[in-house]
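In what follows, chains are A, B, ... by sequence order, proteins preceding strands, each numbered from 1. Values in this document were obtained by computation on a predicted structure and should not be read as measured data.
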Protein chains: 2
Amino acid sequence: MALLLLKARMALELPAINRTLDTLLQELPEPTRAAARHTVKAGGKRLRPLLCLLCARLMGAGADEGLYRLACTLEMLHAATLMHDDVIDNAPLRRGNPAVHTVVGNTEAILAGDALLSTANACVAHFGNPRLCEVFARATAETAAGEILELHAMHNPGLEGHEYLAIIRGKTACLIRAACEMGALYAGADERRVAALGAYGEALGMAFQMVDDALDVADEAIIGKPTGGDLREGKLTPPLQLYRSGLDEAQRTDFNAKFASAGFTDEEVASICRKIRDLGLDDRVRDMAQGYLDQGREAITALPESGELDVLLEILTYVRDRKK
Amino acid sequence: MALLLLKARMALELPAINRTLDTLLQELPEPTRAAARHTVKAGGKRLRPLLCLLCARLMGAGADEGLYRLACTLEMLHAATLMHDDVIDNAPLRRGNPAVHTVVGNTEAILAGDALLSTANACVAHFGNPRLCEVFARATAETAAGEILELHAMHNPGLEGHEYLAIIRGKTACLIRAACEMGALYAGADERRVAALGAYGEALGMAFQMVDDALDVADEAIIGKPTGGDLREGKLTPPLQLYRSGLDEAQRTDFNAKFASAGFTDEEVASICRKIRDLGLDDRVRDMAQGYLDQGREAITALPESGELDVLLEILTYVRDRKK
């Protein structure tokens, strides 16, 4: 699963995406630029802008400057939410660089995030299509709602599967759906095709987050970064739900108490992650993700054959078995 | 200066404004509603929605539901910035009630603020007028920029007058200008009249903030609340600028050191505020505000005579000498 098409397309598009982001950052009020630039320039895969571009091209749009501007609003929104998330999590690093709030302080990070978000909205509004504005703004609100749901669910060992799905739909899938929908809307696609590409994006986002959650119980020696964070932080992701549901009553009482109080030792975290892998529960979560990937494929199967469609389909083949 | 017309108009409009706000809060994603409602319902004068309504009526709009929705987006935006400001300032109270972050925590307050801001943007977008979206989004970005400027200026005894003006234009005046412009745009006013009402709003906001800053050196026994906060917090407002510029070199060196390090004692704060009043410097700041109020009057003098214009003019007569 080498993602050859995606990587080639990204290599072609990245210079224009980054150039456009530079231009858009100049449109921020001056005092907010430094903090916003720090976050936007810190990297990131630019997946959301690329999905927007691909969906627009698939629906017949050209490679005009306006499309790049629209695509980049999604990266601005993504960066704005990261700025606020890093303040919230008090995270020291973001993509290996110092998180913005450690450089400019929490206050400026919150305010610059607001400015970035608003400027992105202004930029979307400039296209004169209320549907674009609505999709963009709703995705932002739903992302925040998903994060609040997650917050309320922390340390709750009784979290149900549908509650988990609502969390990841909000915090991850909505914005990816919006990226695809906005590309289609920009190209003037009919609402049926906008919905098809939106369904693709949402399914991709759901699957991506599930596999992320499966990777959090992986063997640290294999994936090369610390795992078990969800168990420590009290996030009852699907691998942990499956593990907990297989416990006997005494074990479950113990698990619940420790999960509710963040009371697992490092050894217990490592042991539970190992048991989950030994039981094949992480693979069952990847199977759940595959269900979404199948939905994503189904959603776009009737769209015109093209180089863009090939990339969208290739992405689906990569998610289930990704190792990082 | 009894503000008879404004109070009568507010009494007439407030039920519909609050009803519309209730409806709009229902359009937020459910997990974000509680925190947003807490802030929006905690009160506030609803001045921004009322200015929007007045400007729209003055330009010929009717009293339709859409206008109330548009007017209320300004209160949503105002509430969203307050939610973030209270987190930033770690303020325990807002309008006499517990600030939202003390009830739901900082995380939820930041996220619900984002959702409120985005939903307000979505609501503005629904009108299908890109100019409305742009004015709204730019006002948000400029408000954040003004707050960052203020942050950077904290404890700087050398802050210049034009820097102070840029701060208050951003943090206070931009949103009031936007409220007036959006009302005029809604009514389909030509750009010349949109600009006139915008200039009125900006001048009103500038004057209002200056008088606020003059009130911060008032006699606590007279205005019934603690004063001297700007001196303690290191905000070099006009009364303090004027006071400092009248000091001899030794006094100024002492002032600068204490201002830069938040080193004033309570007695010194009270003494400086008293001296400022004795020198009549707070009145000179009110005179500066009057200059803006005159500009505001000039901006709208050619607009059609009407009950709405009378209210807009009445507001100007009240600001200079307000005591709270």
Side-chain angles (χ1 to χ4, degrees), chain A residues 27-35 77 80-81 84-85 87-89 104-152 166-167 170 174, chain B residues 27-35 77 80-81 84-85 87-89 104-152 166-167 170 174:
Chain A
E27 296 177 17
L28 283 166
E30 199 281 323
T32 69
R33 268 180 226 157
L77 168 54
T81 62
H84 286 178
D85 288 350
V87 170
I88 288 168
D89 298 338
V104 301
N106 281 347
T107 302
E108 193 165 333
I110 293 173
L111 293 169
D114 289 349
L116 192 55
L117 182 55
S118 305
T119 303
N121 269 292
C123 184
V124 174
H126 194 71
F127 291 93
N129 179 344
R131 280 280 286 134
L132 279 178
C133 298
E134 200 182 344
V135 166
F136 189 75
R138 292 258 177 247
T140 317
E142 285 172 35
T143 301
E147 293 190 49
I148 290 177
L149 281 181
E150 182 170 54
L151 185 74
H152 290 175
I167 289 169
C174 277
Chain B
E27 295 177 19
L28 283 166
E30 199 280 324
T32 68
R33 268 181 227 156
L77 167 54
T81 63
H84 286 179
D85 288 349
V87 170
I88 288 168
D89 300 336
V104 301
N106 281 348
T107 303
E108 192 165 333
I110 293 173
L111 293 169
D114 289 348
L116 192 55
L117 182 55
S118 306
T119 303
N121 270 292
C123 185
V124 175
H126 194 71
F127 291 93
N129 180 345
R131 279 280 286 134
L132 278 177
C133 297
E134 201 183 344
V135 167
F136 189 75
R138 292 258 177 247
T140 317
E142 286 172 33
T143 301
E147 294 190 48
I148 290 177
L149 281 182
E150 182 169 54
L151 186 71
H152 290 177
I167 290 170
C174 276

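Considering CD of Glu147(A) and CD of Glu108(B), their distance stands at 11.5 Å, rounded to 0.5 Å. To the nearest 0.5 angstrom, Thr107(B) atom OG1 is 5.5 Å from Leu151(A) atom CG. The line from CD of Glu30(B) to CG of Leu149(A) is 8.0 Å long, rounded to the nearest 0.5 Å. The distance from the CD atom of Glu142(A) to the OG atom of Ser118(B) is 10.5 Å, given to the nearest 0.5 Å. Residue Glu134(A) holds its CD atom at 10.5 Å from OG1 of Thr119(B), rounded to the nearest 0.5 Å. Rounded to the nearest 0.5 angstrom, His126(B) NE2 and Arg131(A) CZ are separated by 11.0 Å.
Proximity to chain A (any heavy atom under 4.5 Å) is shown, for Asn106(B), by neither the backbone nor the side chain. Heavy atoms of Val135(B) lying under 4.5 Å from chain A are absent altogether. With a threshold of 4.5 angstrom between heavy atoms, Leu117(B) approaches chain A through side-chain atoms but not through N, CA, C or O.
Your options are Ala80(B), Gly113(B), Ala166(B), Cys133(B), and the one with the most heavy-atom pairs under 4.5 Å with chain A is Cys133(B). With chain B as partner, the option from Ala125(A), Ala112(A), Ala35(A) having the largest number of non-hydrogen pairs under 4.5 angstrom is Ala125(A).
In terms of heavy atoms, Thr32(B) sits closest to Ala141(A) at CG2-O, 4.4 Å. The two residues Glu27(A) and Arg138(B) come nearest to each other via the heavy atoms O-NH1, 3.8 Å. What you find for Leu111(A) and Ala144(B) is that their closest heavy atoms are O-CB, 3.3 Å. The minimum heavy-atom distance linking Ala145(A) with Pro29(B) is given by the pair CB-CB, 3.3 Å.
Thr81(A) has its side chain out of reach of Asp114(B): every pair of non-hydrogen atoms, C-beta onward, lies at least 4.5 Å apart.
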